[in-house]
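Note sheet for the following structure.
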Amino acid sequence: MADVSRRRSDLATHPDMPEMRERYARLLQGRDVVFVDGPVLVAGLYCAISPWVVHFSGQSPDLMINNLIIGLAVAVIGFGLAQTPARMYGLSGALAMLGAWLIVSPWVVTDGPDAGMIWNNVVVGAITCLLGLFAAAMLARTDRTGTTAG
């Protein structure tokens, strides 16, 4: 039976320690866009609830559904960026396109949007588009240097 009574104070003598240090260094080196994940998630959640916050309800049910679906999609991308960034940063271009769609959607989806709907979608869409473009730029930069984004 193994002697488990001895306690070690650190892992310095662990046989896999060099490999673990190198992997941890790679992980930290590529996470320079970590602050994009949270704002993307928050922007998506706000976009999903914005029809009820800005009171779209009586005027445009189509824009309500549009914002709910696009907001949930943006939030899922933001959650994915936080959980598996190496796989999800490829969707940063799609995130920028969703932001652009949010900007133009009040005029495409509704006949006569009011100022609250327009300002809400333009601001949330611009934020989402800029975050997507920033994440895409960081992905392109990390691809050139040979390291991954996650």
Side-chain angles (χ1 to χ4, degrees), residues 10-12 14-150:
D10 63 5
L11 290 173
H14 193 278
D16 293 332
M17 194 57 173
E19 179 184 345
M20 290 188 301
R21 282 189 182 149
E22 188 267 328
R23 184 174 183 210
Y24 186 70
R26 265 187 302 147
L27 180 71
L28 288 180
Q29 180 184 11
R31 289 296 286 163
D32 53 354
V33 290
V34 69
F35 63 91
V36 173
D37 309 347
V40 168
L41 180 64
V42 170
L45 292 176
Y46 174 75
C47 181
I49 66 166
S50 68
W52 293 274
V53 173
V54 184
H55 304 292
F56 290 13
S57 58
Q59 299 168 347
S60 178
D62 294 336
L63 192 59
M64 287 177 62
I65 294 169
N66 176 67
N67 278 22
L68 179 65
I69 291 170
I70 299 298
L72 290 176
V74 170
V76 166
I77 291 173
F79 184 74
L81 288 172
Q83 295 300 313
T84 56
R87 294 180 183 168
M88 293 297 290
Y89 272 104
L91 289 177
S92 55
L95 188 62
M97 295 304 287
L98 288 172
W101 169 251
L102 280 171
I103 293 171
V104 300
S105 65
W107 294 282
V108 174
V109 175
T110 63
D111 291 330
D114 69 357
M117 291 180 202
I118 293 170
W119 278 106
N120 178 69
N121 276 29
V122 167
V123 170
V124 173
I127 290 170
T128 304
C129 188
L130 288 174
L131 288 170
L133 291 173
F134 182 74
M138 288 288 100
L139 179 67
R141 187 182 69 81
T142 56
D143 283 346
R144 273 196 317 253
T145 60
T147 59
T148 61

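Just so it is clear, the model here is predicted, and its values are computed rather than measured.
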CH2 of Trp119: more than 12 outside heavy atoms within 6.0 angstrom?
no

With heavy-atom distances below 4.5 Å as the criterion, would you say the side chains of [X] and [Y] are in contact?
| X | Y | result |
| --- | --- | --- |
| Val74 | Cys47 | no |
| Ser105 | Leu63 | yes |
| Leu68 | Leu72 | yes |
| Leu98 | Ile77 | yes |

For a quick test of reading the model, state the closest non-hydrogen atom pair linking [X] to [Y] and the distance between them.
| X | Y | answer |
| --- | --- | --- |
| Met117 | Pro106 | O-CG, 4.1 Å |
| Ala82 | Asp37 | CA-OD2, 3.6 Å |
| Ser92 | Ala135 | CB-CB, 3.6 Å |
| Val40 | Gly78 | CG1-CA, 3.5 Å |
| Val124 | Ala43 | CG1-O, 4.1 Å |
| Phe79 | Leu41 | N-CD1, 4.1 Å |

Drop me the distance from [X]'s [atom1] to [Y]'s [atom2], to the nearest 0.5 angstrom.
| X | Y | atom1 | atom2 | value |
| --- | --- | --- | --- | --- |
| Trp107 | Asn121 | CH2 | CG | 8.5 Å |
| Leu133 | Met97 | CG | CE | 10.0 Å |
| Leu95 | Leu81 | CG | CG | 7.0 Å |

Taken in chain and number order and not counting sequence neighbours, the residues that satisfy side chain to side chain donor-acceptor pair (under 3.5 Å) with Ser50 are Asn67, Asn120

